Novice: 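Once you've had a glance at the structure underneath, I'll fire off some questions.
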Amino acid sequence: MPVQKVKDSSDLDAKVPSHLQRTSITSLTITSEPSHRCVKARVVHIGPVISCAQKDGIEMLRAELKEEDPLQRTAEHTSINVIFFGTLAKDFSQSARQGDVVLLADFTIKKSPSFLRDKLHPCQLEMDGKDDCVYVCPSAKPSHGPSSSEAKYTYVPLNNLKPKTVVNVYGVVTFFKQPFPSKGSDYCSTLKITDQSDVKVGCNIFSKKLEDHPVIFRVGDIIRLHRFKTEMFRDSMSLLNTYGWSTVTFDGTIDSPVVPHTSRKLFHFGESDIRTVQELRQWAANQSWISNDLTVSLSSVKPGMYFDLTCQLLAKAVMDSRCILLKVWDGTKCQHPLLNVAVASDALEGESTVAKDRMNLTANVLVYDNHLEVARDLKPGTFLCFYNLHALLQRAPDQLPDQLEHLSFHLHGGTSYGRGLRSLPAESPALQSFKSVLEKHVDLDEYDEVNDGTLLEIWYTPPEAVVLPNDDETDAEADTGPSYTVRTCEHNMRRLTLARVKRSTSPLLCHVRARVKKYNPQQLYQCLKLFCSNCKTILSVKARVKKTVHRCLCHTALGVQLMQYRLLIQFELEDQTDTLEALLWENAERFFHVSAVDASGSQDLQDKIQTIMDTIQPPDSSLEERPWLDLCVSVYTVKDNDRNRVCYQITNTEIKEE
DNA sequence: GGTTAGGCTTGG
């Protein structure tokens, strides 16, 4: 069945076959039974028809749909990808436009392979065209508000405003501040707008409710104001919201769908609004102030600059009561070395940025004072925009005076020059070009990076170590009972307590007797890693990823690198005196008598590792019930953000096999 | 039934 067009959104509802139940995008899961369901949603993006090499050259098209149900619009996962195959792809490409509302049924639900990257929806819909049902309602017929009885709203051009009147106006935003707390009881939005009359009018909006403030992403966005009061201020006309006020905003991009944004459940929106928005877009595109775009990518940022940055949040950490660190990237490489702000891994929320740090892709943004209110609620993965971000050269701690200074980013306190930040919805038109840049980094995303950034920094093979001479403070109290492990080294040393090991200086090789308090990762399949011996990148292996090559991160001339399977476990050891975190890395295969590459393909070998771990640390066991382990431990130092850091690694030790 | 802000940088 080809794609069918209908005239009105209500006609779509009439097309719903009686046996089908309308489902919200939000509630779709991989286990949803699709045969009785249909979705109605707005098309926010249509990709090109492409030929899919993996599927015998069949044509396919990706479209992005957004929830239309107003009750669901604030929920999570309101947007979803739909893949059309075969003739349906071509049909859809010819029949549907961005902004149209579509009704889909008889789709299949698959896991979305791009979810980690686009954060849209864990599932995607697939339609192969055989019996599928696709209805399209063009956006020229608005789906909001009364469609038949168009109420008459009069919009006053900005050069015709008279003082002390209540008016409706349309304008293009030339300046804006994100809502900020006023000294009174409300949040305040401050903007300046203009129209074809070229008169600029200041506008203040006061409301206690943040969600009622207009959502403005950039200069050039278009805003409609209803019931605003005019008043003279410093010889110019200005506008202030008054009883019954409302605002609706639109993206300013020419030829993008005219999609109204407002928190109001009911609002008027008709053909004339679409025309007005299109005319304002056309006019503004030729104005000099619109090309004065402050949006800059990391690749072109210069020291000292104030600029707007569209980016994605990778990780965050509270620094103190007046400062939050946001680690972000925009997929472009900065020309200046970027400052890395060191944070304890347990204070960091979000993914490890170590691989991106190494490629000079991670910008560390320090967000201060009044901006904390917004920054606090941001979740890693969110797309966001900083306004009036300040790029500053800074010396890293411990950095020598003759070394290159690093670029840091500060969102200073206050709202001067529109300083602020806000999250962007994943389908925002402001993000479309940005997302295509991120696509180029898909090779980074195909793997989960190791969650704990501290592990990544400790890939070094421990250096040749000093063997500590005999020491009086051996662990006399330690159980002299059997050990579950055996040391394979030939050092003849007495044991040290963990407390003594911690006080020692590196490099050092020593023997300890300890129990395992806990270990990471708890899900043992996650201990299997892919390791690039060239650039020292460690990647987690997802079960379905079979690729063992990657684009090497430090030596681009070497190109694609083969990665090796490795095992990596972090132990927390304990004896009577202290606890100690020690890695099992270089010695892991010998420790378990299992090769990592074999384990990658064998459930039996993975089970063997699990059995060993269950013996070392029986589930739900008390510390006393756990066996003692005789271990040889290497104490060594790594550079961690220009600081020396002492690490411990289990070496020369194997599990005893009966 | 109506204060707040009414753009205009810089510290950390």
Side-chain angles (χ1 to χ4, degrees), chain A residues 158 161 163-166 171-194 199-210 212-214 216 218-221 223 225 227-245 247 289 292 294 296 301-309 317-326 339 341-343 363-372 375 386-397 405-422:
Chain A
L158 295 176
L161 297 174
K164 297 198 181 300
T165 53
V166 174
V172 190
V173 176
T174 64
F175 171 80
F176 63 101
K177 284 185 179 185
Q178 300 298 343
F180 58 95
S182 71
K183 291 193 179 103
S185 54
D186 298 344
Y187 286 98
C188 175
S189 290
T190 294
L191 26 143
K192 191 157 269 181
I193 59 173
T194 188
V199 167
K200 293 195 174 59
V201 174
C203 174
N204 288 306
I205 300 165
F206 291 100
S207 172
K208 285 178 186 37
K209 292 185 187 164
L210 263 181
D212 283 349
H213 283 258
I216 300 168
R218 47 186 174 180
V219 164
D221 283 353
I223 189 164
L225 308 175
R227 297 196 62 80
F228 274 62
K229 192 171 60 177
T230 57
E231 56 184 26
M232 288 300 283
F233 180 74
R234 290 188 185 162
D235 296 332
S236 296
M237 199 63 74
S238 67
L239 293 160
L240 186 65
N241 57 327
T242 185
Y243 303 105
W245 69 282
T247 69
W289 49 264
N292 194 12
L294 294 168
V296 166
V301 69
K302 301 277 183 293
M305 223 181 209
Y306 289 90
F307 66 108
D308 296 346
L309 178 67
V318 174
M319 304 299 285
D320 59 51
S321 64
R322 292 182 63 188
C323 181
I324 286 183
L325 169 69
L326 299 181
L339 185 82
V341 179
V343 175
N364 285 255
V365 181
L366 293 161
V367 174
Y368 292 100
D369 301 339
N370 54 313
H371 308 298
L372 260 57
F386 292 99
Y387 303 98
N388 197 239
L389 191 59
H390 194 186
L392 276 174
L393 280 181
Q394 209 166 311
R395 215 165 281 284
E405 289 188 303
H406 291 222
L407 207 51
S408 65
F409 300 92
H410 294 249
L411 192 69
H412 298 296
T415 62
S416 320
Y417 280 83
R419 197 179 295 141
L421 76 167
R422 85 171 304 140

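Just so you know, these numbers come straight off a predicted model, no measurement behind them. Quick note on labels: first sequence line is chain A, next is B, and so on, each numbered from 1.
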Novice: Identify whether any heavy atom of A:Lys229 sits under 4.0 Å from a base atom; if not, whether one sits that close to sugar-phosphate; answer base, sugar-phosphate or nothing.
Specialist: nothing

Novice: Does A:Arg234 put a side-chain nitrogen or oxygen below 4.0 Å from OP1 or OP2 of B:dA5?
Specialist: no

Novice: Take atom CZ of A:Phe176 and atom P of B:dG7, then tell me their distance rounded to the nearest Å.
Specialist: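 Nearest whole value for this atom pair: 16 Å.
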
Novice: Which is true for A:Cys323 with a 4.0 Å heavy-atom rule: it touches a base, it touches only sugar-phosphate, or it touches nothing?
Specialist: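 No contact at all - A:Cys323 keeps every heavy atom at 4.0 Å or more from the nucleic acid.
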
Novice: Return the nearest nucleotide to the side chain of A:Asp369; candidates are B:dG11, B:dT4, B:dC8.
Specialist: B:dG11

Novice: Check the angle between the aromatic planes of A:Tyr387 and A:Phe176 and answer parallel, tilted or perpendicular using the 30° and 60° thresholds.
Specialist: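 Ring orientation, 0 to 90° scale: perpendicular.
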
Novice: Roughly, in whole Å, what's the span from CG in A:Asn370 to P in B:dT10?
Specialist: 12 Å

Novice: With rounding to whole Å, what would you report as the distance between B:dG1 and B:dA5 at their P atoms?
Specialist: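 Rounded to whole Å, the distance is 24 Å.
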
Novice: From CZ of A:Phe409 over to P of B:dG12, roughly how many Å is that when rounded to an integer?
Specialist: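 Spelled out: CZ on A:Phe409 to P on B:dG12 is 17 Å.
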
Novice: Take the angle between the ring planes of A:Phe307 and A:Phe409 and call it parallel below 30°, perpendicular above 60°, tilted in between.
Specialist: perpendicular

Novice: B:dG12, B:dA5, B:dG7: which one has an atom nearest the side-chain heavy atoms of A:Tyr417?
Specialist: B:dG7

Novice: Going by modelled atom types, is there a donor-acceptor pair between the base of B:dT10 and the side chain of A:Tyr306 at under 3.5 Å?
Specialist: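 Side chain to base: pair present.
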
Novice: Go through B:dT10, B:dT4, B:dG6 for me and flag the one nearest to the A:His412 side chain.
Specialist: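 It is B:dT10.
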
Novice: Counting any heavy atom closer than 4.0 Å, what does A:Ser416 reach on the DNA or RNA strands: base, sugar-phosphate only, or nothing?
Specialist: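 The residue A:Ser416 makes sugar-phosphate contact but no base contact.
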
Novice: Quick one: does A:Glu231 reach the base of B:dG6 with a side-chain donor-acceptor pair under 3.5 Å?
Specialist: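 It does, because a donor-acceptor pair links the side chain of A:Glu231 to the base of B:dG6 below 3.5 Å.
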
Novice: OP1 or OP2 of B:dC8 less than 4.0 angstrom from a side-chain nitrogen or oxygen of A:Lys177, does that happen here?
Specialist: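 Yes, within the criterion.
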
Novice: Using centres under 5.5 Å plus planes under 30 degrees as the test, is A:Phe206 stacked with B:dA5?
Specialist: no

Novice: Taking any heavy-atom pair under 4.0 Å as a contact, classify A:Thr190: base, sugar-phosphate, or nothing.
Specialist: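 Sugar-phosphate only.
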
Novice: Which one, B:dT4, B:dG6, B:dT9, comes nearest to the side chain of A:Asp186?
Specialist: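 Within the option list, the nearest is B:dT4.
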
Novice: Considering only B:dG12, B:dG6, B:dT4, which nucleotide approaches the side chain of A:Asn204 most closely?
Specialist: B:dG6

Novice: Using atom P in both nucleotides, what's the gap between B:dG6 and B:dT10 to the nearest angstrom?
Specialist: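 The answer is 15 Å between these two P atoms.
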
Novice: Quick one: label A:Thr242 by what it contacts on the DNA or RNA (base, sugar-phosphate, nothing), any heavy atom closer than 4.0 Å.
Specialist: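 It contacts base atoms.
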
Novice: Can you work out whether A:His410 or A:Asn388 has the more 5'-proximal nearest nucleotide on DNA chain B?
Specialist: A:Asn388

Novice: Of the nucleotides B:dT3, B:dG7, B:dG11, which has the atom closest to the A:Phe175 side chain?
Specialist: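 In terms of side-chain proximity for A:Phe175, the closest of B:dT3, B:dG7, B:dG11 is B:dG7.
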
Novice: Considering all heavy atoms of both residues, which atom of A:Thr247 and which atom of A:Ile205 are nearest to each other, and what is their separation?
Specialist: CG2-CD1, 4.1 Å

Novice: B:dA5, B:dG6, B:dT9: which one has an atom nearest the side-chain heavy atoms of A:Phe233?
Specialist: B:dG6

Novice: What nucleic acid atoms does A:Gly413 come within less than 4.0 Å of, heavy atoms only: base, sugar-phosphate, or nothing?
Specialist: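 Counting heavy atoms under 4.0 Å across all strands, the contact made by A:Gly413 includes a base.
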
Novice: Within the structure shown, what part of the strands sits under 4.0 Å from A:Asp235 by heavy-atom distance: base, sugar-phosphate, or nothing?
Specialist: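 It contacts nothing in the nucleic acid.
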
